[in-house]
Amino acid sequence: MTDPRSRILSPPDRPLIAPSILAADFARLGEQAAAVLDAGADLLHLDVMDGHFVPNLTMGPDLCRGLREYLPDACLDVHLMVTDPAQFVVPFARAGANHLTFHIEAVPEPTALAREVRDQGMTAGLAINPATDLGAIEPFLEAFDLILVMSVHPGFAGQAFIADVLEKTRLIRPRLHAGQRLQMDGGVNRETAGACLEAGADVLVAASAIFRTPAYDQAIGELRNGPSLKKAMERKAT
Ligand code: DX5
Ligand code: ZN
């Protein structure tokens with residue numbers, strides 16, 4: 001079996017699509033997670049919220065473990081929206097997570113924690129909220145396998161894309177080396193995906209745009225080949 005982390009460290013030459021299970025039907029979670037992978041998804045994105053860093057509560061290591069047991073080959077991409085991510089590195093590693101992203105707003109000096117995440121056998125990601133300036137993460141980019149630019153204020157699925165963050169994505173891209181991924185998360189759909197890709201993102205997270213549609217393969221294909229905002233606007237104009 002190939003190491004699921006290779007999907008982040010040496011991905012295929014096309015954008016990666018990471019369905020966020022936050023918009024899945026939790027009563028049918030295993031079945032729906034398996035179905036998005038069958039439909040071509042590259043990663044499964046788990047949004048972990050603690051009711052403190054963000055005003056919502058979602059899932060924890062036990063849910064991650066359940067998915068790992070049910071889907072042994074899946075690459076599990078865990079996005080920690082929690083005040084104290086250090087507390088959860090070992091529990092998620094033991095629960096079978098392959099990748100762990102935490103927020104710069106929670107850990108302003110993130111290098112040591114990135115090392116800990118990697119020491120636990122996971123790739124490490126650093127997330128930045130829409131309201132946080134690029135300067136906050138700039139000195140630390142090198143320490144991470146993935147940078148996550150939030151395109152909504154974290155907390156809930158189904159919010160509108162904040163286009164202003166595209167500028168941040170554009171500025172980060174040239175500062176990363178070929179082995180690093182640039183992920184966007186929040187409000188990514190068939191209308192906004194193209195703009196994310198044009199700005200330099202190579203991993204797109206989407207909850208509503210995948211799980212709230214009837215045909216996962218079509219939704220994933222549309223995100224991967226996302227029409228740009230420009231093209232979408234041209235279509236509207238005609
Ligand atoms: C937001 C989460 C996102 C969210 C995306 O706090 O980090 O991953 O699930 O949901 P959509 O794609 O519906 O905006
Ligand atoms: Zn997320």
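Whatever order the structure lists them in is the order used to number ligands and atoms, beginning at 1.
Within ligand 1, the atoms closer than 4.0 Å to a non-hydrogen atom of His45 are 8 (O), numbered from 1 in the order shown. Applying the 4.0 Å criterion to heavy atoms of Asp47 picks out, from ligand 1, the atoms 2 (C), 3 (C), 4 (C), 7 (O), 8 (O), 9 (O). In summary, the atoms of ligand 1 found under 4.0 Å from a heavy atom of His79, numbered by their order in the structure, are 7 (O). With ligand atoms numbered from 1 in the order given, ligand 1 contributes 6 (O) to contacts under 4.0 Å with heavy atoms of Met49. Listed by atom number, the atoms of ligand 1 under 4.0 Å from Ala206 heavy atoms are 12 (O). Less than 4.0 angstrom separates some heavy atom of Val205 from each of these atoms of ligand 1: 8 (O). Taking every non-hydrogen atom of Met150 and a distance limit under 4.0 Å, the qualifying atoms of ligand 1 come out as 7 (O). Below 4.0 Å from some heavy atom of Leu22 lie the following atoms of ligand 1, by number and element: 9 (O).
In this structure a side-chain-to-backbone donor-acceptor pair under 3.5 Å is present from Gln32 to Asp25. Counting only distance, with no hydrogens or angles, the side chain of Asp3 and the backbone of Arg5 share a donor-acceptor pair below 3.5 Å. Between the side chain of Gln159 and the backbone N or O of His153, at least one donor-acceptor pair lies under 3.5 Å. Between the side chain of Thr192 and the backbone N or O of Gly187, at least one donor-acceptor pair lies under 3.5 Å. Remark: side-chain polar atoms of Arg224 are not paired, donor with acceptor, to backbone N or O of Ala41 under 3.5 angstrom.
Side-chain contact check for His79 and Asp77: no donor-acceptor pair (N or O, by modelled atom type) lies under 3.5 Å.
The only member of Asp42, Thr123, Val203 that meets side-chain contact (heavy atoms from CB on, under 4.5 Å) when paired with Ile8 is Thr123.
Atom 1 (C) of ligand 1 has as its closest protein heavy atom Phe156 O, 3.7 Å. Nearest to atom 6 (O) of ligand 1 among the protein's heavy atoms is Gly155 N, 2.8 Å. Of all protein heavy atoms, the one closest to atom 13 (O) of ligand 1 is Ser208 OG, 2.4 Å. Closest to atom 3 (C) of ligand 1 among all protein heavy atoms lies Asp185 OD1, 2.9 Å. In this structure, the protein non-hydrogen atom closest to atom 14 (O) of ligand 1 is Gly187 N, 2.8 Å.
For ligand 1, one of its N or O atoms has an N or O atom of Ala207 under 3.5 Å away. Geometrically, ligand 1 and Gly158 share a nitrogen or oxygen pair separated by less than 3.5 Å.
Of all the heavy atoms of Ser20, the ones lying under 4.0 Å from any atom of ligand 1 belong exclusively to the side chain.
With the Zn ion (ligand 2) as the vertex, OD1 (Asp47) and NE2 (His45) define an angle of 90°, rounded to 10°.
Here the N, O or S atom of His79 that is nearest to the Zn ion (ligand 2) is ND1. Looking at Asp185, its N, O or S atom nearest to the Zn ion (ligand 2) turns out to be OD2.
Taking CG from Leu126 and CG from Leu141, the interatomic distance works out to 7.5 Å, rounded to the nearest 0.5 Å. For the atom pair CG (Leu16) and CD1 (Ile220), the distance works out to 12.0 Å, reported to the nearest 0.5 Å. Taken to the nearest 0.5 Å, the OG1 atom of Thr101 stands 9.5 Å off from the CE atom of Met81. Rounded to the nearest 0.5 angstrom, Ile17 CD1 and Leu44 CG are separated by 13.0 Å.
Using 4.0 Å as the threshold, Ala23 has no heavy atom nearer than that to any atom of ligand 1. The shortest separation from a heavy atom of Phe161 to ligand 1 is not under 4.0 Å, leaving the residue out of contact.
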- Please lay out, stage by stage, how Thr58 and Asp47 fare under the test side-chain hydrogen bond (donor to acceptor under 3.5 Å, both in side chains). CA-CA 7 Å; Thr58 55; Asp47 285 308; over 6 Å; no
- Task: Take Asp73 and Arg7 through the salt bridge (charged side-chain N to carboxylate O under 4.0 Å, His left out) test and state the conclusion after the steps.
- Result: CA-CA 11 Å; Asp73 299 337; Arg7 259 157 269 167; over 6 Å; no
